[in-house]
2 protein chains.
Amino acid sequence: MAQASAAACETVGTRNTKQRALVLDAVRSLHNHPTSAEIYEVVHQQNPNVSRATVYRNLGVLSDRGEVLRIPVPNAADRYDFRCDNHFHAKCERCGGVFDIETEGVDPFARITKDYGFQVTGFDLAFSGICSQCANGEADC
Amino acid sequence: MAQASAAACETVGTRNTKQRALVLDAVRSLHNHPTSAEIYEVVHQQNPNVSRATVYRNLGVLSDRGEVLRIPVPNAADRYDFRCDNHFHAKCERCGGVFDIETEGVDPFARITKDYGFQVTGFDLAFSGICSQCANGEADC
DNA sequence: TTTCCTGCAAACTCTTTGCATATGG
DNA sequence: CCATATGCAAAGAGTTTGCAGGAAA
């Protein structure tokens, strides 16, 4: 349910560089929904020559490929997840921490407080897709 | 269901200036989920002396007061809504347009395509609230 | 040997902030 | 009066991009 990406045709002809492998390893080693800054720190420790721009570019490629999951956090830096399966995220208003919310079973909303001790006071939700006018090939909508 | 705000105690002692009224009028006149830039354009047409900073500050005050609804859009500028009741928003991947999705009745997710012609391919969702550790008064989580 | 990728730095978007001045209640 | 608001400009966070050189395939 999180961010569906067209992982197929956009990634033909992409290469596997050392830098890209470092970024992927960093995301896989960090299980706390790291920001690009945190990923950069890890990558930079392995190889101080890797630039921020390369980390950003590779996070884009890897999330297009479906090898990492991009989590756009409202009013905050994007976060990345080594888990690519469908799950919700919950952000604490106080500490800013981002938590996984499993979506197995029914009624995940009502179960959040019970199962995670997370008191939901609100959420930000935006669907992505194609609107009817665009689907019909009309110019602008 | 959208962005719960503590509209009460944060807004004591706020004033009603001409600029603030202009911002509120602009949001109420724009029914297309305007960005701050679009709101600024309208305000600026009424009074070219009003600065961007004032528009931003007043959008913050007005959404704290509950007079406008702030819609944080992932990877895009925040949008504002004259409607303050609970409803979802859907953003078209092609044209970037933001649409209202009513939440009355059950199973709004499954009804989106049928009722709005909007083909949902994914969505970005982040709950807000208080995590159990913060609720228990622990230092960091 | 061509196409993709990299590093660097600069640019870019959106938003916030410091400061001196103005103004609403 | 004086706390709140304002305008200006500058800073800030997060991210993207132009370019020349470098390295996968």
Side-chain angles (χ1 to χ4, degrees), chain A residues 3 9-27 33-41 43-65 67-68 70-80 91 96 98 124 126, chain B residues 3 9-27 33-41 43-65 67-68 70-80 91 96 98 124 126:
Chain A
Q3 193 74 322
C9 53
E10 298 164 11
T11 57
V12 294
T14 55
R15 290 171 185 170
N16 289 305
T17 58
K18 299 155 194 160
Q19 291 91 337
R20 188 160 295 163
L22 279 175
V23 171
L24 182 54
D25 286 349
V27 175
H33 309 91
T35 61
S36 67
E38 293 165 327
I39 293 160
Y40 170 76
E41 283 309 314
V43 170
H44 200 247
Q45 254 182 340
Q46 307 289 315
N47 183 346
N49 295 325
V50 178
S51 69
R52 244 173 252 277
T54 294
V55 171
Y56 276 110
R57 282 187 283 229
N58 279 320
L59 286 171
V61 170
L62 291 170
S63 59
D64 282 346
R65 282 185 182 176
E67 301 194 58
V68 306
R70 188 199 299 262
I71 312 168
V73 181
N75 303 320
D78 286 357
R79 289 169 179 272
Y80 294 86
K91 187 178 123 199
V98 174
D124 300 303
Chain B
Q3 194 74 324
C9 52
E10 298 164 11
T11 57
V12 293
T14 54
R15 290 172 185 169
N16 288 308
T17 58
K18 300 155 195 161
Q19 291 90 338
R20 188 160 295 164
L22 279 176
V23 171
L24 182 54
D25 286 349
V27 175
H33 309 90
T35 61
S36 67
E38 293 165 327
I39 294 159
Y40 170 76
E41 283 309 313
V43 170
H44 200 247
Q45 254 182 340
Q46 306 291 314
N47 182 345
N49 295 324
V50 178
S51 68
R52 244 173 252 276
T54 295
V55 171
Y56 275 111
R57 282 187 280 231
N58 280 320
L59 286 172
V61 170
L62 291 170
S63 59
D64 282 346
R65 282 185 182 176
E67 300 194 57
V68 305
R70 187 199 298 263
I71 312 167
V73 180
N75 302 320
D78 286 356
R79 289 168 178 274
Y80 294 86
K91 186 178 125 200
V98 173
D124 300 304

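Nothing here was measured: the structure is a model prediction, and the numbers come from that model. Each chain gets a letter, A, B and so on, in the order the sequences are listed, and its residues count up from 1.
Atom CZ of A/R20 and atom C1' of C/dT3 are 13 Å apart (whole Å). As rounded to whole Å, 12 Å separates atom C1' of C/dC14 from atom CZ of B/R70. Atom-to-atom, OH of B/Y40 to P of C/dT15 comes out at 14 Å; the value is rounded to the nearest Å. Distance A/L59 CG to C/dC5 P: 14 Å, rounded to the nearest Å. Atom CG of B/N58 is separated from atom P of D/dA5 by 8 Å (rounded to the nearest Å). Nucleotide D/dA23 holds its P atom 12 Å from the CG atom of A/N47, rounded to whole Å. The NE2 atom of B/H44 sits 15 Å away from the P atom of D/dT6 (whole-angstrom rounding). A straight line from CG of A/N16 to P of D/dA25 spans 6 Å, rounded to a whole angstrom.
At a cut-off of 3.5 angstrom, the base of D/dT16 holds no donor-acceptor pair with the side chain of A/R57. Side-chain N/O atoms of A/R15 and base N/O atoms of C/dC5 include no donor-acceptor pair closer than 3.5 Å.
For the pair B/R70 and B/Y80, the cation-pi test (distance below 6.0 Å, angle within 45°) is failed.
Counting non-hydrogen atoms under 4.0 angstrom, A/S36 reaches the backbone sugars and phosphates but no base.
Taking only side-chain nitrogens and oxygens, A/K18 never comes nearer than 4.0 Å to OP1 or OP2 of D/dA23. At D/dA23, none of the side-chain N or O atoms of A/Q19 fall inside 4.0 Å of OP1 or OP2 (strictly under the cut-off).
The main-chain N or O of A/L59 is found under 3.5 Å from a side-chain atom of A/S63 such that the two form a donor-acceptor pair. Side-chain atoms of B/R79 come within 3.5 Å of backbone N or O of B/H33 as a donor-acceptor pair.
The listed nucleotides are C/dC5, C/dG24, C/dT17; the one nearest the side chain of B/T17 is C/dG24. Residue A/Y56 has its side chain nearest to D/dT15 when only C/dG25, D/dT15, D/dA25 are considered.
With a 4.5 Å cut-off on side-chain heavy atoms, B/R20 and B/L24 do not count as touching.
Of all the heavy atoms in A/V43 and A/L22, the pair that sits closest is CG2-O, 3.7 Å.
Remark on DNA chain C: of its neighbouring residues B/A53 and A/P48, the 5'-side contact belongs to A/P48, judged by nearest-heavy-atom nucleotide. Mapping A/A77 and B/S51 onto DNA chain D by nearest heavy atom places B/S51 at the nucleotide closer to the 5' end.
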